[in-house]
Amino acid sequence: MSCLKSHQISLSFSVSRATTPSRRKDLKAIKEPSLGVLPEVDNENSPMLPTAMTPRSSKRKSAQLVSSRIRRQLGTQLDFNSDGEDDEEFLPSKKELQSSSEDEEEEEKVDSDEEVAVKKSKRGASGSRTPRSTQKTRSSTRTPRKTPSKKTTPNTPRTPRHITPSIPSRSLPARQPANVLEEASTRLHVSAVPDSLPCREQEFQDVYSFVESKIMDGTGGCMYISGVPGTGKTATVHEVMRCLQHASDMDEIPPFHFIEINGMKMTDPHQAYVQILQKMTGQKATADHAAALLEKRFSSPAPRKETTVLLVDELDLLWTRKQNVMYNLFDWPTRRHARLVVLTIANTMDLPERIMINRVASRLGLTRMSFQPYSFKQLQQIIMSRLNKVKAFEEDALQLVSRKVAALSGDARRCLDICRRATEICEHSAPNPSSTGLVGMTHVMEALNEMFSSAYVTAIKCASVQEQLFLRAVIAEFRRLGLEESTFQQVFVQHQALCRVEGLQPITVLEGLAVCQRLGACRLLLLEPSRLGVQQRVRLNVSQDDILYALKAD
Ligand code: ATP
Ligand code: MG
């Protein structure tokens, strides 16, 4: 709202500035058009007069003062005009009319001596300098009896009062894809909403039945959905909610209220309370107050007897030291009358166990669901369904991408990105008479190399055997923990095990620490600087995909 206001204000100013010259011309042509602006200046509600520009206590008084001064000034100016003086310096634009009296005083001071002399003589002629007498004189000679209507002054700039800024409509329709490759590229974009979600039929069904049953029974519950990135968690849940909304619109299920928050979009985990409260009730409150209000709301019977479905995406990021945000999200749906269904999505498998470390885990009664990484066949199917019969890829090329990605992570997002890049490479490659015009193996290989050919990948490839093994140990430990952070000690245990598997001589703790420090110095690892030794925390500074790709490529 305030944004709109400021927009209106700046808009009105720019309009008045832009149109001033034409108004000046009109002033010469029409006898007294400049006075037509006076009523508008007097109007304290006019958008032309932002409250910030007038003292709070005496808005009306100052407006009157301004108007009388303007009349006085205009009277003087009209007299100048009659003398053939250039009106540019005196005829104020709308904004100028609203400027404070101080500005006027200043302007008067800097006037030339000659102008001062003329002004004095004019004042002498009118008898007095007080605004009252000036007004009297002017009203008898200049001011029209009636306020000029808007119609009579067509050239007076007016700012629409309740304008909603709009974007000009397209003059040309959006460009259609020029060729097959362009169309394929559009369809493969991760932001494009797919027509269907193949390979997630079972997960869709499970989530749908869970939410539907809770809505039908008027009860609450919580579902914990986990899986590695790009396995279609968000896409599937969104599709479920879209279908449930449709069913509700068709009166097949009772109405419900769907709200969504995302841990990634919050600067602080406690913002979750603020957002949930605002989306549920429209109320704005501080985090603490919002938490208290939500606690109260979920402890008492739900008003309107309507189920609320709350989707919490990227739950991992709502981790707090006391874990109270996550705990509440799991706890609220268990309240008897809350009528709250919470769907939580995270990458970590055992987050609930970690939260409930000192509490009674069984109380939660969570329904769990795990999204497995896509296999190569599934990735191939997903790409084919996205392309929807647009023949842009050679069969082998598609298989290569799917196999490569499935071997690394099974991430559909990455697979789509590589395919999309391959279509771009194919489009911009030099025309080859022997080529089919389709995306082939060479294009896909180039896209794959581009995706994984960062300096980090080169550094991993060039690292020593023990360093490479240590990176593999980090990934193994992260996967075991389901977290992206560990301690040197934990990783070292994995490293020793890997040494045995690979038939290498296990290294000592000191040697292991040296390996870890070297990887930290290359910025492949992020090490906790303050606490050295076996307890120091270890994180990756590269994606797991990059490490696996670099090590598998060998
Ligand atoms: P993250 O954990 O990183 O949030 P996610 O599991 O939520 O990942 P999504 O955002 O749902 O992953 O999916 C990533 C991309 O892959 C989206 O563009 C989505 O449309 C696409 N995608 C995932 N699974 C499928 C599928 N089965 N069919 C078609 N497209 C899919
Ligand atoms: Mg997601």
Side-chain angles (χ1 to χ4, degrees), residues 183-208 223-243 258-266 272 310-319 326 329 342-351 368-390 392-393 398 401-402 404-406 408-423 447 451 478-479 482-484 540 542-546 548:
E183 189 172 351
S185 176
T186 316
R187 286 179 162 279
L188 292 172
H189 201 291
V190 283
S191 68
V193 181
D195 304 330
S196 63
L197 287 173
C199 317
R200 285 295 175 233
E201 291 83 3
Q202 188 56 51
E203 288 82 357
F204 175 90
Q205 197 54 54
D206 291 352
V207 180
Y208 189 98
M223 182 177 243
Y224 183 75
I225 299 165
S226 61
V228 293
T231 45
K233 302 179 294 295
T234 305
T236 305
V237 175
H238 277 161
E239 188 58 15
V240 166
M241 293 318 301
R242 202 184 59 76
C243 292
F258 173 57
I259 55 178
E260 178 182 358
I261 61 166
N262 190 320
M264 188 95 85
K265 296 182 187 166
M266 282 170 215
L310 168 64
L311 168 59
V312 187
D313 206 349
E314 311 285 358
L315 179 78
D316 321 54
L317 301 175
L318 297 182
W319 181 272
M326 282 194 201
L329 289 172
V342 177
L343 299 172
T344 52
I345 303 181
N347 292 128
T348 316
M349 280 216 25
D350 58 348
L351 210 52
R368 286 163 182 275
M369 172 168 288
S370 171
F371 279 55
Q372 295 304 316
Y374 290 116
S375 68
F376 112 81
K377 280 226 155 82
Q378 288 177 323
L379 288 174
Q380 210 174 345
Q381 199 181 334
I382 288 169
I383 301 289
M384 303 253 268
S385 119
R386 283 267 188 154
L387 287 172
N388 193 18
K389 303 211 176 86
V390 173
F393 280 78
L398 213 54
V401 188
S402 313
K404 280 272 181 194
V405 176
L408 294 174
S409 55
D411 178 343
R413 193 183 286 120
R414 196 147 258 207
C415 193
L416 290 169
D417 280 342
I418 294 170
C419 287
R420 198 159 163 266
R421 180 71 192 121
T423 58
M451 284 275 174
F478 283 3
R479 290 195 172 167
L483 267 184
E484 300 272 307
L540 281 177
V542 282
S543 80
Q544 295 190 13
D545 281 9
D546 284 341
L548 294 173

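Every heavy atom of this structure was used, including side-chain atoms; hydrogens, water molecules and symmetry mates were not. Whatever order the structure lists ligands and atoms in, that order sets their numbers, starting from 1.
Ranked by closest heavy atom to atom 10 (O) of ligand 1, the top entry among Arg386, His238, Arg413 is Arg413.
Side-chain contact check for Cys243 versus Glu239: some heavy-atom pair is nearer than 4.5 Å. The side-chain heavy atoms of Ser385 and Ser196, taken from C-beta on, include a pair separated by under 4.5 Å. At a threshold of 4.5 Å between non-hydrogen side-chain atoms, the residues Ser409 and Gln544 do not count as touching. For the pair Met266/Ile261, a side-chain contact is recorded, criterion being any heavy-atom separation below 4.5 Å from C-beta on.
Residue Ala192 has no N or O atom closer than 3.5 Å to an N or O atom of ligand 1. By the 3.5 Å distance cut-off applied to N or O atoms, Thr231 is counted among the residues near ligand 1. Between Ala412 and ligand 1, not a single N/O pair is under 3.5 Å apart. Considering backbone and side-chain atoms alike, Thr236 places every N or O at 3.5 Å or more from each N or O of ligand 1.
In terms of protein heavy-atom proximity, atom 25 (C) of ligand 1 is closest to Tyr374 OH, 3.5 Å. Protein heavy atom at the shortest distance from atom 18 (O) of ligand 1 is Val190 O, 2.8 Å. Looking at atom 28 (N) of ligand 1, its nearest protein heavy atom turns out to be Pro198 CD, 3.4 Å. Regarding atom 4 (O) of ligand 1, its nearest protein heavy-atom neighbour is Glu314 OE2, 3.3 Å. Of the protein's heavy atoms, Leu197 CD2, 3.9 Å lies nearest to atom 31 (C) of ligand 1. For atom 29 (C) of ligand 1, the nearest non-hydrogen atom of the protein is Ile382 CG2, 3.5 Å. Atom 6 (O) of ligand 1 has Lys233 NZ, 2.8 Å as its closest protein atom, hydrogens excluded (heavy atom only). In this structure, atom 23 (C) of ligand 1 lies nearest to the protein heavy atom Gly232 CA, 3.6 Å.
When each atom of ligand 1 is checked for a heavy atom of Ala235 under 4.0 Å away, the hits are 11 (O). Near Pro229, meaning under 4.0 Å from one of its heavy atoms, ligand 1 places the atoms 1 (P), 2 (O), 3 (O), 8 (O).
Val401 and Ile418 get closest at one heavy-atom pair: CG1-CG2, 3.8 Å. Nearest approach of Cys419 to Leu188, heavy atoms of both residues: CB-CD1, 3.7 Å. Nearest heavy atoms, Gly230 versus Asp411: CA-OD1, 3.2 Å. When all heavy atoms of Tyr374 and Thr231 are compared, the closest pair comes out as OH-O, 3.2 Å. The shortest heavy-atom contact between Arg386 and Ala192 is NH1-O, 3.3 Å. Minimum heavy-atom separation, Thr236 to Glu203: CG2-C, 4.3 Å.
Using a 4.0 Å cutoff on heavy atoms, Phe371 does not count as a contact of ligand 1. Heavy atoms of Gly230 approach ligand 1 to within less than 4.0 angstrom.
Contact annotation for Asn347 and ligand 1: only side-chain heavy atoms (C-beta onward) come within less than 4.0 Å of the ligand.
No side-chain donor-acceptor contact under 3.5 Å links Ser226 to the backbone of Ile345.
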